[in-house]
Structures are given as C-alpha cells and as structure tokens.
Number of protein chains: 2
Amino acid sequence: MSTFQTTTDHSLENLDLRRANLGLALRSLRDHGPRSRASLAADLGMTRSTVSTLVAELTERGLVTAGQQVQRSVGRPGTAIELDGRWVCGIGAEINVNHVATLAHDLSGDLVDERKLALDARSLDSADVLAHLIDLVRETEAVLAARGAAAFGLTVGVAGLHDSTTGVLTHGPNLGWYDVPVAAVLRAGLTPAYPVVVDNEANLAAAAEATPGDPSRQDILVLYGEIGVGGGIVADGRLLRGSHGYAGEFGHMIVEPRGRRCGCGRQGCWETVSGLRALLERAADPTDPIRNPRLGIDERLAEINRRADLGDARTLEALDGVGEWVGIGAAILCNTLNPAVLVLGGYYAAVGHHMRPAIERELGVGVLAPGAGGTRVELSTLGFRAAVCGGATASLAQVFVDPTRVPRRPALSGESA
Amino acid sequence: MSTFQTTTDHSLENLDLRRANLGLALRSLRDHGPRSRASLAADLGMTRSTVSTLVAELTERGLVTAGQQVQRSVGRPGTAIELDGRWVCGIGAEINVNHVATLAHDLSGDLVDERKLALDARSLDSADVLAHLIDLVRETEAVLAARGAAAFGLTVGVAGLHDSTTGVLTHGPNLGWYDVPVAAVLRAGLTPAYPVVVDNEANLAAAAEATPGDPSRQDILVLYGEIGVGGGIVADGRLLRGSHGYAGEFGHMIVEPRGRRCGCGRQGCWETVSGLRALLERAADPTDPIRNPRLGIDERLAEINRRADLGDARTLEALDGVGEWVGIGAAILCNTLNPAVLVLGGYYAAVGHHMRPAIERELGVGVLAPGAGGTRVELSTLGFRAAVCGGATASLAQVFVDPTRVPRRPALSGESA
DNA sequence: CTTAGTTTGGGCGCCGTCCCAACAAACTCG
DNA sequence: CGAGTTTGTTGGGACGGCGCCCAAACTAAG
C-alpha cells in the first residue's frame with residue numbers, strides 16, 4: 001500500500017505525482033469516511049486548494065460525489081465528499097474442479113452480481129470449461145451494463161501454479177490442466193476493455209480477508225481446509241507468494257514424522273490430521289451417512305454441526321481432536337509469521353466454532369510469544385466465495401493506486417442509481 | 001524497496017518527486033554499475049537533461065563521482081557516473097550476552113571499521129553495557145572522521161522484543177533486560193547527528209543476507225543456529241516482522257510432538273533436535289573436550305570440522321542426523337514461504353558444509369513444490385557478524401530512498417581517499 | 001438586526017520538476 | 001576532412017502543488 005507502488009525502474013514525472021495524490025485522497029475517503037474538502041486537506045497535509053482540484057478530478061471520473069452538508073460548531077458548513085463506488089466494478093472469477101463462478105462488487109465493496117455453474121472440470125476439455133466461464137462473465141458484464149457501471153478488471157482464481165506475467169496456468173494438477181493459457185483464452189473470448197489477470201485461488205482467498213486500509217488486518221494468515229489444506233499469507237498488507245509462487249502450501253508440512261501416509265506419498269503431512277477426511281473418519285464409522293461422498297459437502301458439514309450442537313460425544317471428540325491438530329500446525333505458522341489474525345476458511349469456517357477452543361488452546365501452548373503473539377482466531381464469513389471475492393477486490397486495487405485509470409465520464413448530468 | 005516508501009498519509013509535493021527520482025538514479029547506479037548520463041537516462045526512461053540535473057545534485061551531495069570515459073563504437077564518448085560511497089557510512093551495533101560490537105561500512109558496502117568487546121552482559125548493569133557500547137561507537141566514529149566520512153545512522157541489534165517507535169527493549173530474556181530504553185540511552189551518550197534505531201538481532205542478520213536490488217535475493221529465509229535456533233524472513237525484499245514483531249521464532253516450532261523437552265517448557269521444539277546442543281551431544285560423550293563449555297564456540301566447532309574432515313564416523317553421523325532435522329524444519333518453512341535462498345547462519349555457517357547433503361535431501365523430500373520449490377541452500381559468509389553487518393546496511397537504506405537526506409557538501413575541491 | 005469571528009472553497013501568481021527540441025562538443029568511419 | 005553518431009547542456013513549455021487572498025456562509029454576541 002505504498003503511495004507509489006512502482007518497484008520498476010521507470011522514472012517519475014509530474015503526472016505520477018498527480019496520480020499518487022489522487023490515490024491518496026481516494027484511499028483516505030475509503031478508509032476514514034466522508035469529509036469536507038477542508039478536513040480532508042488537514043488530514044492529508046495538503047492545502048485546501050489542492051484538495052479542491054483533486055476532488056474535482058475525482059468527481060469527473062465518477063469516483064466521488066458531494067454528499068450532505070457538515071457543520072462544525074461555528075463557521076461556514078462544508079459539503080462532505082464521499083466515495084461513489086457505483087460506476088466502477090471489479091469482477092472475480094474462479095475455476096474449480098466442481099464449478100466455475102463469477103462475482104462482481106463495486107468500489108465501495110457492495111455486491112453487484114454473483115454467479116455459479118456446477119460442472120466437472122476433469123471430464124471436460126479446458127476450452128469447454130473456459131467457454132462456460134466466458135458465458136458467466138458475459139452475464140455478469142450485462143448486469144453491470146444495466147446499472148451503467150463498467151468493469152475495471154477481471155481476476156481469475158485457479159488452483160495451481162501460474163505465470164503471473166503471461167496468465168498461463170502452468171501446473172494445475174487438481175484440474176488436470178498443464179500450460180493452459182487461461183488469460184489469453186478469456187481475452188480472446190471476451191475482447192474486454194479491462195485487464196484480465198490470473199492468480200492462485202488460495203492467494204485470492206487470503207487477499208479477500210485482508211481489508212485494505214485497516215491497520216489491524218494487514219498481517220493475516222488464512223487456512224483453507226477442504227480435503228487438502230492450503231492457505232495464503234498477507235504480510236504488511238501484501239500478498240506473499242514466495243520466489244516461485246509456491247508459498248502457502250501448509251497442508252504438506254510434516255507434523256508427525258512417523259504419522260499417517262499422505263496422498264502426496266509422504267508420511268505425517270499436516271492435512272492428513274487436519275483435513276476434512278480426518279474429521280469425517282474420526283467422527284463416524286464408514287457406514288455413516290456423513291461418510292457418504294455422494295452427499296454434498298455442505299450437507300455433511302451441517303449434519304456434523306447438528307450432532308455437535310446436540311452434544312454427541314464422538315462428534316465433539318473428533319472436532320476437538322482435529323482442532324488440536326489444526327492448532328498444532330497453526331502454532332508452527334504463528335511462530336514463523338506472527339499474524340494479527342488467523343482466519344479459518346473452507347470447511348473450517350463451517351464447523352470452526354466447535355474447533356476454536358482446541359485451536360486456541362494449542363496456540364496458547366505452542367506459540368512462544370506471550371498471549372499467542374496477539375494472534376486472534378476468526379472464522380471466515382466469506383465461506384467458499386472467498387476466492388471470487390478476493391478476485392473482485394484485487395481487480396479494483398489499481399483504482400486506489402492510480403485513479404486516473406478510470407476514464408473521465410463525459411456527461412455528469414444528475415446520475416442516479 | 002518501493003520508490004516512495006510512504007505508507008503514511010502525507011501528501012506528495014514536487015520535492016518528493018525529486019527525491020524519488022534521485023533515489024531511482026542512485027539505486028540504478030548501485031545495482032547496475034557505472035554508466036554515462038545518456039545510458040542512465042535510457043535505462044530509467046528519463047530524458048538526458050533530467051538525468052544531468054539529477055547527477056549534478058547527487059554530485060553536490062557527494063554520492064556520485066565522474067569516473068572514466070566510456071566509448072561506444074561511434075559518437076562522442078561519455079563520462080561514466082559511478083557511486084561514490086566514501087563519504088557516507090552506516091554503523092551497525094550489537095548487544096549480545098557475550099559481547100558488544102560495532103561495524104561500519106560505506107555506501108558501496110566496503111568495510112570501514114569493526115570492533116568487538118567481550119563482556120558478560122548478565123553480570124553487568126544494562127547502563128554499564130550500554131556505556132561500553134557507546135565507547136565502541138565513539139571509536140568507530142573517530143575512524144570515520146579520520147576519513148572525512150560522516151555516519152548516516154546507527155542501528156542496534158538486540159536479542160529480544162523491542163518497540164520500534166521508541167527504541168525501548170521491552171523484553172530481552174537472554175540479556176535479562178526488560179523495558180530498557182536502549183535508543184534513548186545511546187542518543188544521550190552520543191548526542192549524534194544521525195538517527196539511532198533499535199531492531200531485532202535476527203531481523204538484522206536476515207536483512208544482511210538480502211542484497212538490495214538483486215532480484216534473486218529478495219525472498220530469503222535465514223536460519224540462525226546457536227544453542228537456540230531463530231531466524232528472519234525477507235519477502236519481496238522487505239523484512240517480515242509480523243504483527244507484534246514476533247515473526248521468525250522458528251526454534252520453537254514443534255516438530256516431534258512427543259519429543260525431547262525444551263528449555264521453554266514444551267516438548268519436541270525444533271531447536272532441541274537442530275540446535276548446537278543436539279549436535280554436540282550426538283557427536284561426543286560428556287567427557288569429550290568439545291562438550292566442555294569453557295572452550296570457545298569457535299574452537300569447538302573447528303574441532304568438529306577437523307574430525308569430520310578426517311572421516312570420524314560418529315561426528316559424521318551426528319552432522320548428518322542433525323542436518324536431517326534441520327532439513328525437516330526447513331522443509332516446513334519452505335512449504336510456507338518458498339524462499340529463493342535458504343541461508344544457514346550462526347553455527348550452521350561453520351559446519352554447514354557437512355550438513356548440507358542431509359538438508360538438501362530433506363528439502364527434496366519434504367517440500368511439495370518440484371525441485372524443492374527452487375530454493376537453494378547457502379552458507380552465510382557473514383558468520384557471527386551478520387547482525388552488525390545488517391545493522392550497517394539498514395542504517396544506509398534511507399539514503400537510497402531519499403538522497404536529499406545527505407547534506408550538500410560545501411567544498412567540492414578535489415577530494416581524495 | 002447588526003457586527004465580529006470562524007470556517008469553507010475557489011482563484012491567481014510563484015516556484016519547482018520534468019519533457020521536448022535545438023545545439024555544441026567529441027569521437028568514428030569512409 | 002566531412003558525414004554521421006552519440007553525449008551533455010541550454011532554453012522554452014506544460015503541469016502540479018503551495019501560499020495568499022477573497023467571497024460565501026454560518027455562529028455568537030451585543
């Protein structure tokens with residue numbers, strides 16, 4: 001979240017200064033709410049005249065509007081300037097084994113559209129899956145158009161490894177995709193006026209949990225539990241990808257050297273004791289309906305919650321036991337990263353309230369820093385939408401860095417939602 | 001390493017633009033070597049005229065000098081502009097249980113002065129220890145003054161937890177220091193013209209390994225092994241401290257749930273199997289001289305190396321066994337962070353060449369990403385000087401962000417080293 | 001109601017920075 | 001020795017932010 005995000009070598013000219021100050025003003029309005037030009041100037045350390053010109057330009061680009069009158073104790077009242085998110089939206093998309101999905105929200109973070117299409121990606125050709133996704137994005141675009149809003153970017157979350165410059169999914173074992181030029185196919189199918197970016201699903205889910213501008217949510221560790229366990233790391237408000245994009249493979253930390261064999265071929269991987277399978281096997285016999293893979297995950301988790309709420313001993317023991325292992329692994333990560341928040345996503349979000357005591361117990365024991373290093377445990381409220389949500393947010397991030405990327409709106413005659 | 005490091009809300013004015021471009025030019029000279037104004041302009045995407053004014057100002061501040069003539073195939077030859085590190089130095093200092101130390105190097109990274117004073121910090125009052133450190137810093141300052149150079153900053157590494165805004169060591173169990181205002185005492189004793197900053201020892205050691213500007217050394221994981229094991233993380237060229245400054249406590253990851261009891265009270269902490277004590281106990285009987293704590297660490301490690309070089313079976317087995325545990329823990333960290341380089345510091349640097357096969361073996365097995373995620377293993381060449389080195393570098397970091405912090409030199413009549 | 005004091009927001013001139021274009025200087029090549 | 005090439009400097013021009021000023025709008029007191 002630096003003012004100029006350029007790590008590049010490009011020179012800075014006068015326009016960049018303008019860009020940076022526009023972004024500064026816009027972020028301040030986003031993070032600290034509507035204010036008069038004068039108080040905005042005071043907060044930013046600018047003169048009122050400068051802020052006036054900045055606000056004028058942001059208004060032309062449809063990013064802010066004049067709101068209500070605000071009055072101090074004495075003096076002329078000012079007109080509050082507030083973020084106007086309506087005209088610029090970000091689209092997030094996801095390609096998963098079981099479904100493709102899109103989600104759009106506007107600059108204020110308000111949900112605009114959400115779509116999901118169930119399919120079996122493994123039995124389809126990658127081109128067909130992408131064609132389905134293109135249809136979904138088109139439908140979402142139509143909803144935006146009906147509102148008079150424009151898409152500013154599309155960020156696609158995929159499970160696997162990608163090349164961030166080309167948007168090629170190089171290595172997606174879950175999907176069975178290798179060297180699929182996801183971004184190029186989408187660009188060809190959509191001919192969009194906005195950039196199309198490919199990113200890792202877990203990264204986007206992590207980014208979704210870190211609220212931009214909120215200083216208490218800049219160091220976040222997200223655990224995403226399904227059959228496997230993965231996650232993402234946000235440090236200093238920046239997504240941590242690692243040197244080759246492999247960061248966040250928590251599920252294969254070896255926590256029990258002579259433990260259970262993992263799908264990856266090794267023994268004692270964390271996900272063998274903290275993944276969904278471990279929970280189900282501890283909670284029920286093989287003949288139990290919750291062990292039936294034909295049932296949807298949501299239904300099986302709901303049943304586990306129902307039993308736990310009724311006080312079923314075996315279910316509670318399983319949740320506590322798996323929670324303990326989750327806590328042991330989380331403690332390792334907290335000793336390493338000392339996040340402000342540990343967010344439990346995926347299936348943990350559904351049943352996490354029954355695991356939380358065990359997790360917090362293990363964090364208290366296993367983290368060296370006093371009070372578990374100040375890390376609080378939270379359940380994700382985004383559920384399985386985390387990745388698309390993060391994608392939509394990521395698509396909009398550049399607006400707050402460089403508001404001049406949003407075109408000036410030609411007509412500004414009384415628009416209404 | 002962003003162009004503008006401001007995460008603050010302060011507005012940007014024309015001077016900031018200048019600062020950023022001066023920094024850009026200076027970093028480019030540092031990272032890509034001396035070049036003519038014209039090629040510098042081409043590399044930075046600026047005009048030659050702008051670069052001329054930038055170089056003129058950097059010259060006035062004594063940061064660059066005109067070097068040799070450079071010639072392309074045809075055309076007028078240019079004068080190479082090169083970084084002139086001589087006049088600005090950074091001082092790093094360290095307060096350890098066994099010693100206090102200082103080190104100064106100049107802007108080019110050339111060592112200027114190094115001092116070390118052995119003492120037993122636990123048997124002394126903190127004020128006395130700091131008084132000894134002040135003496136050392138004064139001597140270092142004198143060496144700088146004799147060269148005509150000025151100190152630009154002092155960064156003090158301490159083992160423990162500090163408040164980075166006040167420079168108070170809040171929690172230093174190794175030293176037995178609690179709420180000691182280290183920065184304030186040093187400022188009072190030195191009345192320096194430069195800023196005094198306190199930071200964590202392991203953080204500074206990690207920062208020392210990450211070469212600024214080298215893209216292959218921006219994601220680094222440093223393991224620092226002594227009796228305990230700690231380390232630091234550099235991600236995207238930025239030091240990772242965590243939300244409360246507790247990041248990097250690798251030693252207390254629990255890697256063997258029912259393992260050996262640790263000094264921290266728990267069982268199976270990584271440092272119980274990967275620390276120096278584990279190596280010594282596996283390598284020799286209690287009566288063996290290398291188990292004698294009266295001998296210096298360096299001597300004992302040298303003896304281990306000697307035995308290993310001679311092919312002593314027990315020593316080799318110990319190095320391999322401990323190396324295996326180092327690798328198991330490192331694999332956990334690499335799955336999490338996917339660094340480009342794993343740097344082995346502390347005692348690992350001394351005997352690491354005998355551990356490396358085991359470590360690399362375990363990384364190959366334990367890291368999910370193919371080829372261990374591209375992580376290469378290196379031995380630190382800084383040894384026990386890593387922290388002071390990193391402190392000196394950290395003291396100079398601001399020069400490359402904002403060169404205007406270095407004052408204009410009044411007289412520029414033919415200075416010589 | 002009038003007057004003084006306060007706060008807002010916009011206009012104007014100044015300064016600083018960068019870009020562009022033109023030019024002199026210095027060198028190679030034919 | 002002149003044509004072509006590259007370098008570094010110089011003089012406008014554009015643009016952005018600051019400081020200062022002023023009109024507008026409101027409160028508080030007489």
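In what follows, every chain begins at residue 1, and chains take the letters A, B, ... in the order their sequences are listed. Values below: every heavy atom of this structure, side chains too, minus hydrogens, waters and symmetry copies. Bear in mind that the values here come from a model prediction, so they are computed numbers and not experimental data.
- Under the side chain to side chain contact (heavy atoms under 4.5 Å, CB included) criterion, A:Thr50 pairs with A:Met46, A:Thr47, A:Leu54, not counting sequence neighbours.
- Atom pair B:Gln69:CD and C:dT28:P shows a separation of 11 Å (rounding to whole Å applied).
- In this entry the distance linking CZ of B:Arg35 with P of D:dT7 reads 13 Å, nearest Å.
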*Nucleotide by nucleotide, 5' to 3', does protein get under 4.0 Å of the base (B), only the sugar-phosphate (S), or neither (-) in nucleotides 16-22 of chain D, counting heavy atoms?*
BSBB---

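- Side-chain N or O atoms of B:Arg187 include one that pairs as donor or acceptor with a backbone N or O of B:Val196 at under 3.5 Å.
- Classification of A:Arg241 and A:Asp199 as a salt-bridged pair holds, one side-chain N sitting under 4.0 Å from a carboxylate O.
- Base contact: B:Ser52 has a heavy atom under 4.0 Å from a base atom.
- Distance CG (A:Leu40) to P (C:dT8): 12 Å, rounded to an integer number of Å.
- A:Cys389 meets the side chain to side chain contact (heavy atoms under 4.5 Å, CB included) test with A:Leu103, A:Ala208, A:Leu382; sequence neighbours excluded.
- For DNA chain C, the residues of residues 71-81 of chain B within the heavy-atom distance limit of 4.0 Å (strictly under) are B:Gln71, B:Ser73, B:Val74, B:Gly75, B:Arg76, B:Pro77, sorted by number.
- A side chain to side chain contact (heavy atoms under 4.5 Å, CB included) with B:Pro403 is found for exactly one of B:Leu26, B:Asn21, B:Leu24, namely B:Leu26.
- In this structure, the side chain of B:Ser395 engages the main chain of B:Thr155 through a donor-acceptor pair within 3.5 Å.
- For A:Ser108, the side chain to side chain contact (heavy atoms under 4.5 Å, CB included) test picks out A:Leu83, A:Asp106, A:Asp110, with sequence neighbours left out.
- Remark: A:Ser36 engages A:Ala38, A:Ser39, A:Val70 in a side chain to side chain contact (heavy atoms under 4.5 Å, CB included) (not counting sequence neighbours).
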